[in-house]
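To keep things clear, I will list the structure first and then write my remarks on it.
Chain A is the first sequence line, chain B the second, and so forth, proteins listed ahead of strands; every chain is numbered from 1. Side chains are part of it too, since the values below use all heavy atoms of this structure and drop only hydrogens, waters and symmetry mates.
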Amino acid sequence: MDQKTLYDTIDPEIITRVSARHDEISNGASTNSKLAAALALGSIPVALAALSKDVYGQAPSDVLDVLQFALLLEHLESEFYSRGVAASGLIDAADATVFQTISAHETAHVTALEALIMGKSATPNPKPTFDFTAHGAVSGFNFSAGQYDTFKTLAQAFEDTGVRAYKGQAPRLINDKAVLTAALTIHSIEARHASEVRRLRGLKGWITGASRDDLPAFTQGIYDGEDNVNQGGVDVSGLALTGSNGGTAAATQAFDEPLTKDQVTAIVSPFIASA
Amino acid sequence: MAQKQSLVISSADQLLEGRTRRDFLKVLGVGGMLVLLPSVITACSNDNTMTGPKPGSGNTLTIDFVNGDIAVLQFAYALEQLEADYYTRVVAAFGSSNLSSAEQALLGDVKNHEVIHREFLKAALGASNGFTITATYPGVSFNSRTSVLATAAAFEDLGVAAYNGAAQYLSNATYLTLAGKIVSVEARHASAIHDLISPKSDAFAPQAFDDAFSPPKVATMAQSYIVDKLAFANAPGTFVQGPNNNG
């Protein structure tokens, strides 16, 4: 077996990871038995065959789970905006370009996520049936003329949720650089959308403290935790220059916070129709 | 026969460089064309922008990727220093600028955020924070709403693309999350500033996927505003492109 040739066909990063994993194993970290056996023989090329589901890529199932979860959120947004821009007399004419732009993006995100999922030899989950009244919390909302304020309220809720949802999932993608980078380029687009919708509604483009501003109480979970000022062990509200640069309010605006998958699921579940 | 060449001058300082003068003569010698981008014209109308040090003319600032995640944070720290310095100057010039009061309030918020980002990274880096960049703004007129907003939009877009592209070099999940917490605020800024320039158009988010730029590409773009010569050591050999495939 020509080890040099085999090495040359492999992403150097994998070699690095296997080497690092070898050290972890030496230090007692657990691994699957095939990989451990291969490494015990001191043969990195042999070990490569065993690691596709272990060392490299968090576990492909984790990445797939993130992609399917993101797909659900994008389906929610895509259908919401598609129906919004198609509805007669709903969106103010002056704002039509903004929402047509957002709508096109969310549809493109659905397509991209489906392609990423199929690229992992999996099948994209189907679009569920949505209930944009959130089981009655948004009473009577059905994209009718005259409901533009409610439409913008929901748009803000979905966009601010989307930013936090992608952010929360990023660490699960840390070993799949292609999916991570794709997800991040969607994540920041959701933030652009959020800022625009918030400003259309007369708010700042950024979130202050844990304030939901004028959104209804059922959206509070979208903003809980945004008042965090502990960033990686640094209290950013207590930095020497924070006081003269907007204080704690600015310190909370300057960092958007992640949500866990469970937290996001609790926020979006009311928008999924009961089976 | 030599092909006709064109020489593009994008910053006024280029006109003062020896290499540019040689190129200029070469271009004229073959009947080529000299192109002055609008930034040069703007710069020439403002003496202040002509006297600053040239971008890249200072000491070399090397970010060594042998330090792994720390190098990524140092790169972010350099960019946040640039942004914080820029908005501090923007705010300082409010008295003589034609920005509306609402625009000044918005840019004041952005200044606060960027200063806090810079100070956060300075604290997070600890002993690895020992460098300060010197910024320069060729062609920027801090009294001009148009100039200030266009430069701000460029910085915010670059910041978003920089974080999106550098994230792949982080191996620590905590740092990845922190980068994510900052990049979405940069994207909120970018959206708002583009909307000030071109209200209710598609400018707030002109594409479905943001850019993800490699650190060398970002450094080349940021270098236009930094006196120190940016350099990388042990830079990663591979870059995983984002959906726009332009990093």
With the side chain counted from C-beta on, respond yes when [X] and [Y] share a heavy-atom pair under 4.5 Å apart, and no when they do not.
X        : Y        : value
A/Thr101 : B/Phe204 : yes
A/Arg192 : B/Arg188 : no
B/Glu119 : A/Thr242 : no
A/Asn228 : B/Lys181 : yes
B/Asp210 : A/His187 : no
A/Thr97  : B/Lys200 : no

| said: Between A/His109 and B/Phe209, is the ring centroid distance below 6.0 Å? | reply: yes

| message | I'd like to know whether the aromatic ring centres of B/His113 and A/Phe255 sit less than 6.0 Å apart in this structure. | response | no

Identify which of [options] forms the greatest number of heavy-atom pairs closer than 4.5 Å to chain A.
options                                : value
B/Glu186, B/Gln207, B/Lys111           : B/Gln207
B/Asp202, B/Asp195, B/Thr174           : B/Asp195
B/Ser184, B/Ala187, B/Pro199           : B/Ser184
B/Asn172, B/Val240, B/Asp211, B/Asn164 : B/Asn164

Please name the pair of heavy atoms, one in [X] and one in [Y], separated by the smallest distance, quoted to 0.1 Å.
X        : Y        : result
B/Ile116 : A/Ala254 : CG2-CB, 4.2 Å
A/Ala250 : B/Asn112 : CB-CB, 3.8 Å
A/Leu239 : B/Phe120 : CD1-N, 3.7 Å
A/Pro258 : B/Thr177 : CG-CG2, 4.0 Å
B/Leu178 : A/Gly232 : CD2-N, 3.9 Å

Measuring heavy-atom distances to chain B, does [X] have an atom under 4.5 Å in its side chain, in its backbone, in both, or in neither?
X        : value
A/Asp92  : neither
A/Val163 : side chain
A/Arg198 : side chain
A/Ala170 : both
A/Ser244 : backbone

Between [options], which has the largest tally of heavy atom pairs under 4.5 Å with chain B?
options                                : answer
A/Ala240, A/Ala94, A/Ala96             : A/Ala94
A/Ile186, A/Val236, A/Leu241           : A/Leu241
A/Ile189, A/Val234, A/Ile207, A/Thr181 : A/Ile189

| said: What part of B/His189 gets within 4.5 angstrom of chain A, counting heavy atoms only: side chain, backbone, both, or neither? | reply: both

| said: Is B/Asn244 close to chain A through its backbone or its side chain, or both, or neither, when contacts mean heavy atoms under 4.5 Å? | reply: neither

| message | Check this for me: B/Asn98, atom CG, are more than 12 non-hydrogen atoms of other residues, nucleotides or ligands nearer than 6.0 Å? | response | yes

| said: For a side-chain contact (heavy atoms from CB on, under 4.5 Å) check, start with the C-alpha distance between B/Leu196 and A/Arg199, then their side-chain angles and the critical distance, and finish with the verdict. | reply: CA-CA 11 Å; B/Leu196 293 181; A/Arg199 294 183 65 256; 3.5 Å; yes

